[in-house]
2 protein chains.
Amino acid sequence: MANLRDVAEQAGVHTSTASRALDPDHSQMVGAKTRARVVQAAEELGYRANQVARGLRKGRTGAIGVVIADMGNPFLPPIIRGMAGSLRELGMIALVAETEDDPGVLEKALLDLLDRKVDAIITTAVHLTDRPLITEINKTIPVVLAVRTFLDGSFHAVTHDDALGGAMAARHLCSLGHTRLAELSGPDDVSSFVGRSRGAKSAIDESDQPVTHRVAVGTHPTTAEGHRLMTEILEQGFVPTAVFAHNDLMAVGAIDALGQAGLSCPGDVSVVGYNDSPMTDRLNPPLTTVRFASYEIGSRAAKLAGSLLDDPDQPVASYSLTPDFVERASTARLAD
Amino acid sequence: MANLRDVAEQAGVHTSTASRALDPDHSQMVGAKTRARVVQAAEELGYRANQVARGLRKGRTGAIGVVIADMGNPFLPPIIRGMAGSLRELGMIALVAETEDDPGVLEKALLDLLDRKVDAIITTAVHLTDRPLITEINKTIPVVLAVRTFLDGSFHAVTHDDALGGAMAARHLCSLGHTRLAELSGPDDVSSFVGRSRGAKSAIDESDQPVTHRVAVGTHPTTAEGHRLMTEILEQGFVPTAVFAHNDLMAVGAIDALGQAGLSCPGDVSVVGYNDSPMTDRLNPPLTTVRFASYEIGSRAAKLAGSLLDDPDQPVASYSLTPDFVERASTARLAD
DNA sequence: TTGAAAGCGCTACCAA
DNA sequence: TTGGTAGCGCTTTCAA
C-alpha cells in the first residue's frame, strides 16, 4: 500500500506539500503544476489516505458510535437506515454496538466507543438511570439521544411524543366502549414507556365512563415478555376487554397468550400495539398501533450529531415528532 | 483525558514500561512492584488506551467491516446479531455499511472500510459480478462471504444450501399437486437466487407430473418487486396455482398482487417464501417458507473472520448449513 | 527488568 | 508557494 511519502517522492515534493495538494481544503495553497504532479502520482500509485493515521493526527475519526438496545426489535431497522443514510451523506460511518438493554453493557459499549475515538454518540438505548453516565460521556463528545431520552430536555434528543401516542391508544380503546383495560408496559425506567403510560393514564382519566385499569410492567419490550405479562394478568383473574401493549412485539405476545386462554382478538379482546413495525399491517389480525416517522428519527439524529461536530455549543434542543394513530383490525367496539 | 505518558509520569516510570505493565501479554516482563504502581496510577487517572493510536502503531484496529445490502430486509437482523454477539466476545466491533444492493456503492463502502483499516471484512452483499473487486480486497485483508457467495468455493464463506432450499420449496408445491408454477426470483447475479432457482428447477424436472413453470426475475428482493413481478405474470395471462417467491418479502408482495387480482392465498394460489423472517409465522396467512439458522450464520462468519486474523493462511472453506422446510398455511393441496 | 529511541502515517505549524 | 519539523499516543525494538 502506497503511503503519502511514496506519493511525495514520486512527485518530487515534500510530504507536507503532497498532503496539502490532496486535501480539498488546502489544495489552493499549492501551485497548479505541483498539484497536478501530486495528483497524478497518487493515482499512479493508487494512493488512499490512511484514516487511522489521519484520525490520530486530527483528533477526528469521522466515525459515529451508534448504540442500540436490541437489534431483534423490528422497529429499529428503519431508524438505523435513517442514520446510515445521513451518515453516508456526511462521509461518516457508524460503529454499532448492542446493549441487550443491559445498563452494564451500555457502559462498556460507550467506553469502548470512546476509546475508539468516535466523534459523537447516538443512542437509542438509555434508561433513566443512565443519566450520570451519559452526562459524563457528554463532557467528552456530543451525545444525541434518539427515541429514548431523559424526561427533561437536558440533552440533544430526537424523539416523538410518547405521551400523545399513549393517549391516542387509550382514547381509541375508550371510544370503542371498553372499560376493562390492561396495559402491558415496557420497563418503567425508560422514557418511552413512562411517556406512553402517562398519556394512557390521562386519557383514561378524561374518559366519559369509569375505566378499570390494570398495569403490568415488563423487564424487556419483547414478545416473550408480552406473553408472560398477559398470562399473569389473566391468571390473576383480571379479564380485560382491551389491551394496550407498549410495543408491537408485546402486543403479538399478548395476542398469543389470549389465544391460549381461549380469548380471541378482536372478538373478545381488542389489542393496540406501538411502533407500527414493518409487517404489522399484515399480521393476523392486522394490528392497530401508533406510528411515528422512524426513518426520520434516525436521519435527524445523525444530522444533528454531524452538526454538533462543527458547532458543539449549539443550544440543547429536543425534536419531538408527532405520532399518528393507525387503526386496523385488532381493535373493535365492545360487544354488549 | 489522561494518556500513557501521564500514567508513566505519575508512576515514575518510562512510557514503555507503563505500556508493558498495562498490556496483559507483556506485563510479566515488568517487576511486580512497578506494575502495581503503574496500574494504580492508571486507575487514579482513569486511563484508557487510545485505540486509534494503538491501531496505527500495531497495524490492527480490532474493527471488522460489515457490509450488508439492505437493512430493510427483515431476515438480516438475526444475522447481524449473530455477528455482533461473536465480535463482542472477541473484543472487536463492527463498522457497518449498507449498499442498497448497488455494486457501485459496494465498491465505495469497501474502499472506505479499507481506508479505516478494518482488520477484516464480512459481507452479505456480493453479486456474482463483484468477484474481481472482492479478489482485490482479499489481497489486503481477509474477506468472509456470508449468505451470498460466488459459485465456486474460492473465498471463505458461510452460507446455507440454497439449491436444497429451492428444491424443498418446489418439491413441496409439486407434492401438493400443483402443475402451474410461477417463480419470483431475486436478481440473477446473486448466488442465493441462482441456487434457489437451480434447486427449484431440478425438483420440477424430477416431478411426476409435467409442470408448467414460469420464472420472473426481479431487480431487488423486496415487497414492491414481488408485487410487480406477480402482477406482470398475471397480466401476461399466466395464472399459476402455486408461487415460489425467493424471499418472504417478495412472497408478501405477491400475495398482495394476487389479492388485487381477486385470487386468494391459499384458496386459489399457494405461495412459498424464503428465509423464515421474524413474524412470518404470524402473517395472514402464516407463510410457508424455508428456514436456515441465520443467527448461526452471522455468528460463524464473525468467528471465522476473527480466526483469519491470527491465521490468515488457513485453508479456504465454505460452511454450508442445511435449511429446513417450514410448512404453514399459505400452501394447500390443489383443489380439483 | 527498565529506559531510550524510533516510528506507525498523517497534518499543521513555522520559516523561508 | 514550498520545505522542514514536530507530534498525535502508542508499541516495540535494542541496549543497558
Side-chain angles (χ1 to χ4, degrees), chain A residues 1-39 41-42 45-63 111-112 114-119 140-141, chain B residues 1-39 41-42 45-63 91 112 114-119 140-141:
Chain A
M1 287 272 88
N3 62 23
L4 193 58
R5 221 182 49 202
D6 300 328
V7 174
E9 270 175 21
Q10 167 124 342
V13 297
H14 196 261
T15 52
S16 52
T17 305
S19 172
R20 285 185 289 250
L22 296 174
D23 177 354
D25 294 349
H26 298 270
S27 61
Q28 18 121 23
M29 306 185 144
V30 175
K33 289 189 69 170
T34 323
R35 176 164 66 238
R37 276 214 317 285
V38 172
V39 168
L45 297 172
Y47 171 73
R48 305 219 108 220
N50 180 328
Q51 299 296 337
V52 175
R54 185 200 290 248
L56 176 60
R57 174 65 233 230
K58 298 185 68 151
R60 267 228 203 175
T61 56
L111 294 179
D112 183 28
L114 283 189
D115 294 347
R116 292 175 186 278
K117 303 303 165 190
V118 295
D119 295 336
T140 312
I141 54 172
Chain B
M1 289 272 86
N3 61 24
L4 192 58
R5 220 183 49 202
D6 301 327
V7 173
E9 270 175 22
Q10 167 125 343
V13 297
H14 196 261
T15 52
S16 53
T17 305
S19 171
R20 285 185 287 250
L22 296 174
D23 177 355
D25 294 348
H26 298 272
S27 61
Q28 17 120 20
M29 306 185 145
V30 175
K33 290 190 68 170
T34 323
R35 176 163 68 236
R37 277 215 317 286
V38 173
V39 168
L45 296 173
Y47 171 74
R48 305 219 108 220
N50 179 328
Q51 299 296 339
V52 175
R54 183 197 291 242
L56 177 61
R57 173 66 232 231
K58 299 184 68 149
R60 266 226 203 179
T61 56
D112 183 28
L114 283 190
D115 294 346
R116 292 176 186 278
K117 303 300 164 190
V118 294
D119 296 336
T140 312
I141 54 173

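Because the structure is predicted, anything quoted here is derived from the model rather than measured. Letters go in sequence order (proteins before strands), and every chain restarts at 1.
- Five base pairs at each end of the helix from C:dT1-D:dA16 to C:dA16-D:dT1 define two local axes, and these are offset by 40° (rounded to 10°).
- Atom CZ of B:R35 and atom C1' of C:dT2 are 14 Å apart (whole Å).
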Note to self: Across nucleotides 8-16 of chain D, 5' to 3', mark each nucleotide with B, S or - according to how protein heavy atoms within less than 4.0 Å reach it.
What the structure shows: BBBBBB---

Please report, to 0.1 Å, the donor-acceptor pairs under 3.5 Å made by any side chain of residues 2-9 of chain B, with sequence neighbours excluded.
from, atom 1, to, atom 2, distance (Å)
B:N3, OD1, B:R5, N, 3.0
B:N3, OD1, B:D6, N, 3.1
B:D6, OD2, B:N3, N, 2.9

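- Remark: side-chain polar atoms of B:R20 are not paired, donor with acceptor, to backbone N or O of B:H26 under 3.5 angstrom.
- In this structure, B:Q28 places its CD atom 12 Å from C1' of C:dT1, rounding to the nearest Å.
- Taking CD of A:Q28 as the start and CG of A:D23 as the end, the distance is 9.5 Å to the nearest 0.5 Å.
- In plain terms, the two heavy atoms of A:A42 and A:L22 that are nearest each other are CB-CD2, 4.1 Å.
- Distance check: B:R48 CZ to A:L114 CG gives 8.0 Å after rounding to the nearest 0.5 Å.
- The backbone N or O of B:A11 sits less than 3.5 Å from a side-chain atom of B:R37, completing a donor-acceptor pair.
- The two residues B:D119 and B:I141 have their closest heavy-atom pair at O-CB, 3.7 Å.
- Atom CE of A:M1 and atom P of C:dC8 are 16 Å apart (whole Å).
- In plain terms, the two heavy atoms of B:V30 and B:R35 that are nearest each other are O-NH1, 3.4 Å.
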